[in-house]
Amino acid sequence: MTKRPLRVLLAAAVWLLIWEIAALAVGKGFVLASPVEVVFSLVNLVPTPDFWLTCLYSLGRIAAGFCIALVLGVALAWLSTLAAWLRDFISLPVRAISAIPVVSFIILVLIWADSSLLTVTVSAIMVLPVVYSNVLEGLDSLDPKLDEMAAVFDLPRVRRWRAVVFPQLYPYLRAASRTGLGLCWKAGVSAEVIGLPSGSIGEQLYQAKIFLDTPELFAWTAVIVVLSFAFARLVLWLLACSKKLALRGLA
Amino acid sequence: MIVFRSVDFSYGSSPLISDLSFTVEPGQVLALLGPNGSGKTTVGRLALGLVQPTKGTIEVAGCNEGTPIPKAAVFQEDRLVESLSAVGNVLLVTQNSLAAHLPDRHPARSRRPQRDAVPAPVSRNEATNRISSLKNEDPRDSLVKANVTRAEVENELIAAGLPVEHHTKPVSELSGGQRRRVAIARALAHGPEILILDEPFTGIDAETLLQVRSYVKSRITGCATLLITHDETDAAAFGARTVPFGKVTDSRGESR
C-alpha cells in the first residue's frame, strides 16, 4: 500500500472515531446516530428489493437529467457560435437559469407537470448552464490555425471533428461533467425530498425525517454519496473512452 | 501550377501586397526572400486560398483537370494536433488523401515512400518497437484502413530525420526541431501538387538540417513549390529562383 491511501484511511478512521465519541456523548440516536447504528441500518436496507428499486429509480432519473443537459448544453453552445444575436438570445435564459434558486424550479415543475418528471427536469435544468458555459468557452478557444490546417489538407468533415475539434473540446467537456455530476445529484435528491415522487431516494429521506429514524437518514445519505461517486466515475470513464475512440488509429 | 496575376492584398485599409505577378510550374521552386512583415506569409495564404486577393487573380491548377488539387503546407507555426503522436499527425492527412485517389503513374503518387525504402539503418530495438506497434494495430480501425500504411508513414518520418522512439509520443512532448520535422513529413506524405513551405527549417539543428533539406528536395520533384524564407541558403539549397520579395519574376525570369 502506498503512503497516501494509508494516510486517507487513517484520517477516515480518526473521523469515524470522533463521530462515534460524539454520538456517545449526545446519547440520543435520533439526534446523532453513531457509525455503528448507520452500518446496521445499511445492513438491513441493502438486502431488500425495495432498496435496489429505489436506488434505480433515482439513479435512472438523475442520469437521464444529466444526459439531457449534456446533449442540450452542447447543442445550444454550438448554436451560440453561429451568430452574435443567437448567442445573446440563448445566453440570456441560460444565465437566468443559473441565477434562479433550485427550489423555484422544483415548485414550478410540480405545478406544471407530474412529480415523476421532477427529478429528471430539475437535474437537467441545474446542469445545463454548467455544460453550456464550459462548452461555449471551449468552442470559443478552438484554434483557428488548426482549422486552416484541416482546410488546406482537405480533411473530411467527420475526421476534422474527431481528430481536430473533439480533442480541443475534451478538457472543457470533462470540466463541465465533473462540476455537473455533483450538482445533478444534489439538485435531483433535493427535488425528490420536496416533490416526494413515489419510490425515490428523496421519499426515503423524507420518511426517515418524519419517523426521526436518523440512522436510516444517514444510511440513505451514504448511499447517495456512493451512487454519485460511482456515476461520476462511470461518466468520466465513458468520456475518456470516447476520446480514445475518436482518436483510434491516430494516437 | 501557381499563377498570380497583378494581385493586390490589404488588411483593412493598409495595403500589404501590390501588383504581384508570378508563375510557378510543376517541378519548380520559387523562393520569396524578404524581411519579416513584408507579406511573404500572406502570399502563401493567398496561394492556399485561405485569404482572397483584393484585386487581381490567382490560379492554382493541378495535373488532372476537374479533380481537386492536392495542396499541402509547412506552416510557420507547426499546426500539429497536440493530442496525436507524430505518426498520428501524418496519418491524419494521408488517409484517403487526394493523391491516394490519383492514378498510379501520377507524380504526386510516385513521390510516396516505398515500404522497403527505409533511408536510415534501424537498430534491433527500434525494429522490435516498430513491429510491436504494428501488431497492436486494429485492422478494423476505420482511420487506418486507407491507402497509406503506418509503416509508410514511419518511413516518411525516419526520412525526415525523426528517430523511431519519437514516432508514437504525443507531439506535445517533442522539441521544436522534432515538431518541425513532423510538420514537414506531414506535408510531403500528403502527396501535394501545390506545396507552400513557410520558413520550413526554423528550429532544426545544423546536424539534421542537411538531411531534412535533401529529404524535402527528393520529395518535391513534381510539385509547384513556394518557398518562403528569409535565409538565402535555403533558397540556394533548392536551386530555387531567388526573388527578393516585392520584385517577383515569372517562370521565365521576367521582372514585373
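Throughout, a chain's letter reflects where its sequence line sits, starting with A, and its residues are numbered from 1.
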- Item | Which atom of A:L155 lies closest to which atom of B:V93, heavy atoms considered | CD2-CA, 3.9 Å
- Segment of B:I196 engaging chain A (4.5 angstrom heavy-atom cut-off): neither
- Can you name the closest pair of heavy atoms from B:V81 and A:V164 and give their distance? CG2-CG2, 4.2 Å
- Query: Within a radius of less than 6.0 Å around CZ of A:F229, do more than 12 heavy atoms belonging to other residues, nucleotides or ligands occur?
  - Reply: no
- Within residues 43-54 of chain B, residues adjacent to chain A where the heavy-atom gap is under 4.5 Å: B:R45, B:L48, B:L50
- Query: Rounded to the nearest 0.5 Å, how far does CG of A:L247 lie from CG of B:L92?
  - Reply: 9.5 Å
- Item | Distance in Å, B:L80 CG paired with A:K145 NZ, rounded so as to fall on 0.5 Å steps | 13.0 Å
- Item | Gap separating the CE atom of A:M149 from the CD atom of B:E77, nearest 0.5 angstrom | 12.0 Å
- Message: Quick check on A:R178: does its CZ atom have over 12 non-hydrogen neighbours (other residues, nucleotides or ligands) under 6.0 Å away?
- Response: no
- Message: For a quick test of reading the model, state the closest non-hydrogen atom pair linking B:A73 to A:F153 and the distance between them.
- Response: O-CZ, 3.6 Å
